[in-house]
Amino acid sequence: MSGLRAGVSRRRILADEVRVRYAPSPTGLPHIGNIRTALFNWLFARHHGGKFIVRIEDTDQERLVPGAVDGILDGLEWLDIDWDEGPRVGGDFGSYFQSERLPLYHAEAERLIQQGDAYRCYCTRERLVEVRAEQERNKVSLGYDRRCRHLTQAERNAFEDEGAPSVVRFAMPETGVTKLKDLIRDEVEWQNELVDDFILLKSDGFPTYHLAVVTDDHLMQVSHVLRAEEWLSSAPRHLQLYRALGYTPPEHGHLPMILGPDRAKLSKRHGATSILEYREDGFLPDALRNFMVLLGWSLDDKTEVMPLETMVDNFTLDRVGKPAAIFDREKLTWMNGVYIRDMDVESLADALTPFLEQGLAPELLPLDRSYLLTIVPLIQERLKSLTEAPDMIAYFLEEQPEYDPANLVQRGMTTEEALQALEKALHYLKSAEFDTERLEEDMRSLGEELGLTPRRFFGTLRWAATGRNVSPPLFDTMVVLGKERVTARLGWALENLTS
RNA sequence: GCCCCGGUCGUCUAGCCAGGUUAGGACGCCACCCUUUCAAGGUGGAGAUCAUGGGAUCGAAGCCCAUCCGGGGUACCA
């Protein structure tokens with residue numbers, strides 16, 4: 001396990017190099033809030049020309065979810081958030097899985113015990129539950145009562161002799177205050193006496209987050225810790241650990257949280273849990289990324305849609321806000337539409353293809369790429385999500401769309417008029433040149449001859465040609481469908497309306 | 001309960017640090033224009049006594065204090 005000798009063999013790095021990390025726990029798939037933290041770290045690193053590291057915090061053996069690591073990494077890759085060190089790419093400070101760094105944590109814990117900054121605790125879970133219940137009854141602040149901190153050597157030996165399981169706890173200073181100059185929240189301070197003796201090493205030999213994060217951030221030479229606000233109350237513990245270990249702590253910045261519509265911490269209940277679900281729901285990575293960056297950061301007083309380079313060039317912590325944000329899916333949807341409209345036809349067709357192959361009836365496949373390329377421009381500005389495409393283009397592919405012929409008779413129109421309209425239009429179309437301008441000009445005059453408003457005349461023809469009441473502009477649609485399909489469908493309409 | 005953070009239109013936010021015009025933009029909503037439907041686009045509108053109360057100041061969304069509300073933490077979870 002030579003990879004663990006990071007403390008000895010690590011490469012020297014520039015003293016002022018920015019090194020930030022995203023340290024997800026593989027207990028599930030990352031949601032928007034999680035990934036937003038990754039995005040901010042990534043932007044910070046790229047803005048300062050530093051390194052972005054991914055480290056897997058798999059110290060909770062009970063909550064590990066199989067496949068979560070891949071889900072996390074795939075999500076980052078989908079969003080084009082690349083990392084300089086971490087799983088799949090390696091790096092000089094590995095392993096990037098905490099479960100493979102256990103000896104490192106044990107060494108630190110042992111050192112702290114020797115120094116008197118930590119101690120073994122033999123309290124059973126039952127006793128901890130009792131202590132807690134007692135504290136709640138007396139309405140005093142909650143936390144471990146430090147019983148084992150004051151054990152005599154004889155008592156310790158007794159526990160050890162009987163093989164009692166133990167954990168290692170940190171001995172918090174019982175007086176004084178711990179201050180943090182937070183990069184986003186400025187000065188924050190805590191009374192040490194109110195922070196309890198938290199656990200460093202669990203009885204299964206795995207470290208808690210606190211020990212692992214401090215050890216690794218130091219060893220990996222992390223310069224800035226940018227994490228969600230939910231970690232703010234752990235900061236005094238980490239700061240005290242750095243102090244006891246004799247390490248200079250990195251800068252800290254606690255990012256605003258992202259809440260669900262009910263203002264509560266984002267969880268499985270709030271719709272799309274995993275970032276990958278947004279991909280399945282037809283969102284573009286660029287749109288999602290742009291939307292996320294706006295949750296807690298702003299470029300100026302008006303710019304919202306912006307390219308990645310602009311984000312990188314301008315991302316600074318002084319423009320990150322403090323208040324938590326509520327995730328508004330409607331605005332994401334709008335932004336997705338903006339990005340869809342901005343794509344070139346080829347790229348959009350590419351992006352759409354998997355959704356079409358999945359959403360279209362099997363008999364309509366395979367797709368004819370060149371035909372698809374003529375359809376895409378017609379639906380592009382109508383699309384807000386890629387998932388809407390199959391339904392929007394099905395009638396371009398169907399032999400004969402199914403619909404109730406009664407629809408051919410528009411409001412305020414008689415059946416006779418509808419028949420007339422179809423007949424005349426069919427007659428004309430059979431010998432017409434399929435050109436949008438031409439068709440429109442001729443059909444308008446034809447409508448006038450029939451004494452029908454464009455709304456009614458074209459409405460009838462739209463039903464006949466597409467089997468829908470809404471479609472892209474009629475003549476563009478007809479041109480793409482082609483004379484053969486259009487005339488055949490008008491013929492079908494005529495027959496079915498008659499009978 | 002205790003500790004910490006936060007509070008500008010329904011939502012995301014600019015402005016706050018270095019007080020000084022009608023508190024700006026975006027989503028959503030409404031209306032109108034364009035118009036062959038749906039979108040897109042354009043124009044306009046409603047929507048914020050800047051959480052509340054007090055204070056210092058000629059002057060406060062900005063500074064100070066208190067209160068209220070919201071969130072987070074308070075695990076052998078991260």
Heavy-atom donor-acceptor pair, D281(A) side chain to F283(A) backbone, under 3.5 Å: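 Flag not set: sc D281(A) to bb F283(A) has no pair under 3.5 Å.
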
Contacts of E388(A) that satisfy salt bridge (charged side-chain N to carboxylate O under 4.0 Å, His left out) - sequence neighbours left out: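 With sequence neighbours excluded, E388(A) shows a salt bridge (charged side-chain N to carboxylate O under 4.0 Å, His left out) to no residue whatsoever.
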
Rounded to whole Å, how long is the line connecting atom [atom1] of [X] with atom [atom2] of [N]?
{"X": "E134(A)", "N": "rC2(B)", "atom1": "CD", "atom2": "P", "value": "17 Å"}
{"X": "R341(A)", "N": "rA40(B)", "atom1": "CZ", "atom2": "P", "value": "6 Å"}
{"X": "L378(A)", "N": "rA39(B)", "atom1": "CG", "atom2": "P", "value": "16 Å"}
{"X": "R456(A)", "N": "rU37(B)", "atom1": "CZ", "atom2": "P", "value": "12 Å"}
{"X": "E381(A)", "N": "rA39(B)", "atom1": "CD", "atom2": "C1'", "value": "6 Å"}
{"X": "W297(A)", "N": "rA14(B)", "atom1": "CH2", "atom2": "P", "value": "11 Å"}
{"X": "I326(A)", "N": "rC12(B)", "atom1": "CD1", "atom2": "C1'", "value": "10 Å"}
{"X": "R263(A)", "N": "rG71(B)", "atom1": "CZ", "atom2": "P", "value": "8 Å"}

[atom1] atom, [N] versus [M]: distance in rounded Å?
{"N": "rC50(B)", "M": "rG7(B)", "atom1": "C1'", "result": "10 Å"}
{"N": "rA31(B)", "M": "rA39(B)", "atom1": "P", "result": "13 Å"}
{"N": "rG59(B)", "M": "rG70(B)", "atom1": "C1'", "result": "32 Å"}

Which residues share a side-chain contact (heavy atoms from CB on, under 4.5 Å) with K331(A), sequence neighbours left out: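 For K331(A), the residues satisfying side-chain contact (heavy atoms from CB on, under 4.5 Å) (neighbours in sequence not counted) are F291(A), E304(A), D328(A), W334(A).
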
For D186(A), all residues meeting side-chain contact (heavy atoms from CB on, under 4.5 Å), sequence neighbours excluded: K181(A)

Nearest-nucleotide 5' precedence on RNA chain B, L259(A) against P256(A): P256(A)

Under 4.0 Å protein heavy-atom contacts per nucleotide of nucleotides 73-78 of chain B, with B for base, S for backbone only and - for none: SBSBBB

Letter per nucleotide, 5' to 3', of nucleotides 20-36 of chain B [B base touched, S only sugar-phosphate touched, - untouched; heavy atoms, 4.0 Å]: ----BBBSS-------B

Minimum-distance nucleotide to K322(A) side chain [options: rC12(B), rG6(B), rC4(B)]: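 It is rG6(B).
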
Regarding [X], tell me which of base, sugar-phosphate or nothing describes its non-hydrogen contacts under 4.0 Å with the strands shown.
{"X": "R319(A)", "result": "sugar-phosphate"}
{"X": "M257(A)", "result": "sugar-phosphate"}
{"X": "G337(A)", "result": "nothing"}

Of all pairs that satisfy side chain to side chain donor-acceptor pair (under 3.5 Å), the ones with a partner from residues 291-302 of chain A, not counting sequence neighbours: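 For residues 291-302 of chain A: S298(A)-R319(A), D300(A)-T303(A).
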
How about [X] and [Y]: are their ring centres within less than 6.0 Å of each other?
{"X": "Y119(A)", "Y": "H150(A)", "value": "no"}
{"X": "H218(A)", "Y": "Y242(A)", "value": "no"}
{"X": "F40(A)", "Y": "F315(A)", "value": "yes"}

Opposite nucleotide pairing with [N], Watson-Crick or G-U, both atom distances under 3.5 Å:
{"N": "rU35(B)", "answer": "none"}
{"N": "rC29(B)", "answer": "rG45(B)"}
{"N": "rU74(B)", "answer": "rG1(B)"}
{"N": "rU22(B)", "answer": "none"}
{"N": "rU67(B)", "answer": "rA51(B)"}

Under 3.5 Å donor-acceptor pair, R185(A) side-chain atoms to rC5(B) base atoms: no

Criterion salt bridge (Lys or Arg N to Asp or Glu O under 4.0 Å) on E441(A) and R438(A), from CA distance to verdict: CA-CA 5 Å; E441(A) 201 180 309; R438(A) 265 244 67 113; 5.4 Å; no

Identified side chain to side chain donor-acceptor pair (under 3.5 Å) counterpart of R237(A) within the set T208(A), D197(A), T178(A), D196(A):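 Between R237(A) and the candidates, side chain to side chain donor-acceptor pair (under 3.5 Å) is satisfied uniquely by D196(A).
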
Within 6.0 Å of CD in E162(A), more than 12 heavy atoms from elsewhere: yes

